[in-house]
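What follows is a single structure, written as structure tokens, with notes after it.
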Amino acid sequence: MSKKSAKTPLDAPRRLSVAWLPFAEGLAASLGVLEDDQSLVISVKRSNRYVQFAAQGAHGMRTETTCNSYLAKSERLDARQIAALAEAGWHAPTGKPGESTPENDPDGSPNFFRQFPVPVPLKSVADLAVSTLAEILRVPHPGFLEYEAFDADGQVILLPGLGLKRAVRSPQPEASLPELLRAALREVAGIPDLDFDEDGDIGIRYGSLIIFVRLMGDPPHVRLVSPLLADVDESQGLLARLNEINCRLGHMHLIAHNDAILAIADVPAAPFVSDHMAQALRDFCQLTDGMDDLLQGEFGGRLSFPEAMPSSLKH
């Protein structure tokens, strides 16, 4: 007895839901209200499979559907689905996501795509989207879909005619203060792997100095500390000289502590402003630059780093 050949998912006979026809009509009507620089994304719930539309005014409408670069392994399109997309009229991706950017590939896309000129054939666009969702991506019913619509500024657009639930994305968690501080210091120092040490400090070299940066206190603030000299004998003359210098330094001050001279400055961190932090660090470095040599010449002691190194800060 001969065996029947096994049918692949796209070969298998499949009855489409009657709900797709009114959905296609509602989609065509909704596409018709999109204005220049407004977009609509229709996606499968709890999935990254989607069809999206971008209204481009006099340039028509760009339509895209997801490629394997954006899909988890369990959801990736197989060879038959990719062939079916080509047969339906979708153009193949022209490069990987990092390659086919609007700047590098303005007429291409990392997704499967179609460009529809003016006047945009709204019914044809909607029919293509529905056949892609229902027949190629194998979505059983429009009820498995949700949508997002927005303008170029991210303002939400409501399209009740779609009959779909609007997707509400969870906001990205805000970065913590340590993360913000680390990112700001990496940027100003130009060192991408700059990080906190086991004591909670970030150390940055500046000439013959090292500056330790630490997040502290409530309300939170960032403390900048640089040990200028070690093994210094504390005396009334030293304290008087430090007081004299402190009167000219503004927010930074010098202290004698445990036979060392330290430069210290506190910078408010709530709210945290990266540019303010970067400028405060630059000012601190400029104020302390050469001060260790000056004080050593007057009071002796030992430099933290006798040999100067190039500044690690970007100028």
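Given the structure is predicted, the values throughout are model-derived calculations rather than measurements.
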Is there a side-chain contact between H276 and V267 in this structure, where contact means two heavy atoms from C-beta onward sitting under 4.5 Å apart?
no

What are the two closest non-hydrogen atoms of L162 and Y147, and how far apart are they?
CD1-CG, 3.7 Å

Flag if over 12 foreign heavy atoms under 6.0 Å of CD, E87
no

Quick check on the hydrophobic clustering: are Y50 and I157 connected, directly or via other members, by side-chain heavy-atom contacts under 4.5 Å?
no

Student check: side-chain heavy atoms of E146 and L164 closer than 4.5 Å:
no

Side chain to side chain contact (heavy atoms under 4.5 Å, CB included), that's the test. Do F150 and V156 meet it? Break it down for me.
CA-CA 4 Å; F150 45 86; V156 171; 5.7 Å; no

What is the distance from atom CG of D231 to atom CD1 of I261, rounded to the nearest 0.5 Å?
11.0 Å

Just wondering, more than 12 heavy atoms not from H221 lying within 6.0 Å of its NE2?
yes

Under a 4.5 Å side-chain heavy-atom rule over Ile, Leu, Val, Met, Phe, Trp and Tyr, are L177 and V188 clustered together?
yes

I'd like to know whether CD of E298 has more than 12 heavy-atom contacts from other residues, nucleotides or ligands below 6.0 angstrom.
yes

Quick one: are F23 and I42 in side-chain contact, heavy atoms under 4.5 Å?
yes

Atom pair CG/CG of L254 and L262 - distance to nearest 0.5 Å
9.0 Å

Are V213 and V273 in one and the same hydrophobic cluster, where Ile, Leu, Val, Met, Phe, Trp and Tyr link if side-chain heavy atoms are under 4.5 Å apart?
no

When R62, Q115, H91, R114 are each screened for side chain to side chain contact (heavy atoms under 4.5 Å, CB included) with S109, the one that passes is R62

Would you compute the distance between atom CG of L122 and atom CD of E25 and round it to the nearest 0.5 angstrom?
13.0 Å

Any idea which heavy atoms bring A129 and L27 closest together, and the distance?
CB-CD2, 3.9 Å

Output the distance between atom CD (Q52) and atom CD (E64), rounded to the nearest 0.5 Å.
5.0 Å

Considering all heavy atoms, the nearest G60-V118 contact:
N-CG2, 3.5 Å

Between L295 and I245, is a side chain to side chain contact (heavy atoms under 4.5 Å, CB included) present by the stated rule, with each step listed?
CA-CA 11 Å; L295 292 173; I245 295 173; 3.9 Å; yes

Would you say K45 has more than 12 foreign heavy atoms packed within less than 6.0 Å of its NZ?
yes

Got a second to check how far L215's CG is from E179's CD, nearest 0.5 Å?
11.5 Å

Side-chain (R186) to main-chain (L194) donor-acceptor, under 3.5 angstrom:
yes

When clusters are formed by joining ILVMFWY residues with side-chain heavy atoms under 4.5 Å apart, either directly or through shared neighbours, do F113 and L133 land in the same one?
no

Write down the atom of R182, the atom of D195, and the distance for their closest heavy-atom approach.
NH1-OD1, 3.0 Å

Do I210 and I204 have side-chain heavy atoms sitting under 4.5 Å apart?
no

What is the distance from atom CG of L239 to atom CD of E244, rounded to the nearest 0.5 Å?
13.0 Å

Can you confirm whether D105 is buried at CG, in the sense that more than 12 heavy atoms of other residues, nucleotides or ligands lie under 6.0 Å from that atom?
yes

Kindly give the heavy-atom pair with the smallest separation between Y206 and Q286, and that separation in Å.
OH-CG, 4.5 Å

What verdict does the side chain to side chain contact (heavy atoms under 4.5 Å, CB included) test give for D193 and I191, after you've listed the backbone C-alpha separation in whole Å, the side-chain angles of each residue and the deciding distance to 0.1 Å?
CA-CA 6 Å; D193 59 351; I191 304 174; 3.2 Å; yes

A side-chain contact here means heavy atoms from C-beta on lying under 4.5 Å apart; do H253 and D266 qualify?
no

Checking side-chain hydrogen bond (donor to acceptor under 3.5 Å, both in side chains) for the pair S47/E75: CA distance, chi angles, key distance, verdict?
CA-CA 8 Å; S47 168; E75 291 192 318; 2.7 Å; yes

Write down the atom of S226, the atom of I211, and the distance for their closest heavy-atom approach.
CB-CG1, 4.1 Å

If you apply the rule side-chain hydrogen bond (donor to acceptor under 3.5 Å, both in side chains), what do you find for D283 with Q279, and how did you get there?
CA-CA 6 Å; D283 292 345; Q279 189 57 52; 2.9 Å; yes

Do D107 and T94 pass the side chain to side chain contact (heavy atoms under 4.5 Å, CB included) test, and can you show the C-alpha distance, the side-chain angles, and the key distance before you say yes or no?
CA-CA 9 Å; D107 296 319; T94 55; over 6 Å; no

Hydrophobic cluster identity match, M277 and M252, side-chain contacts under 4.5 Å:
yes

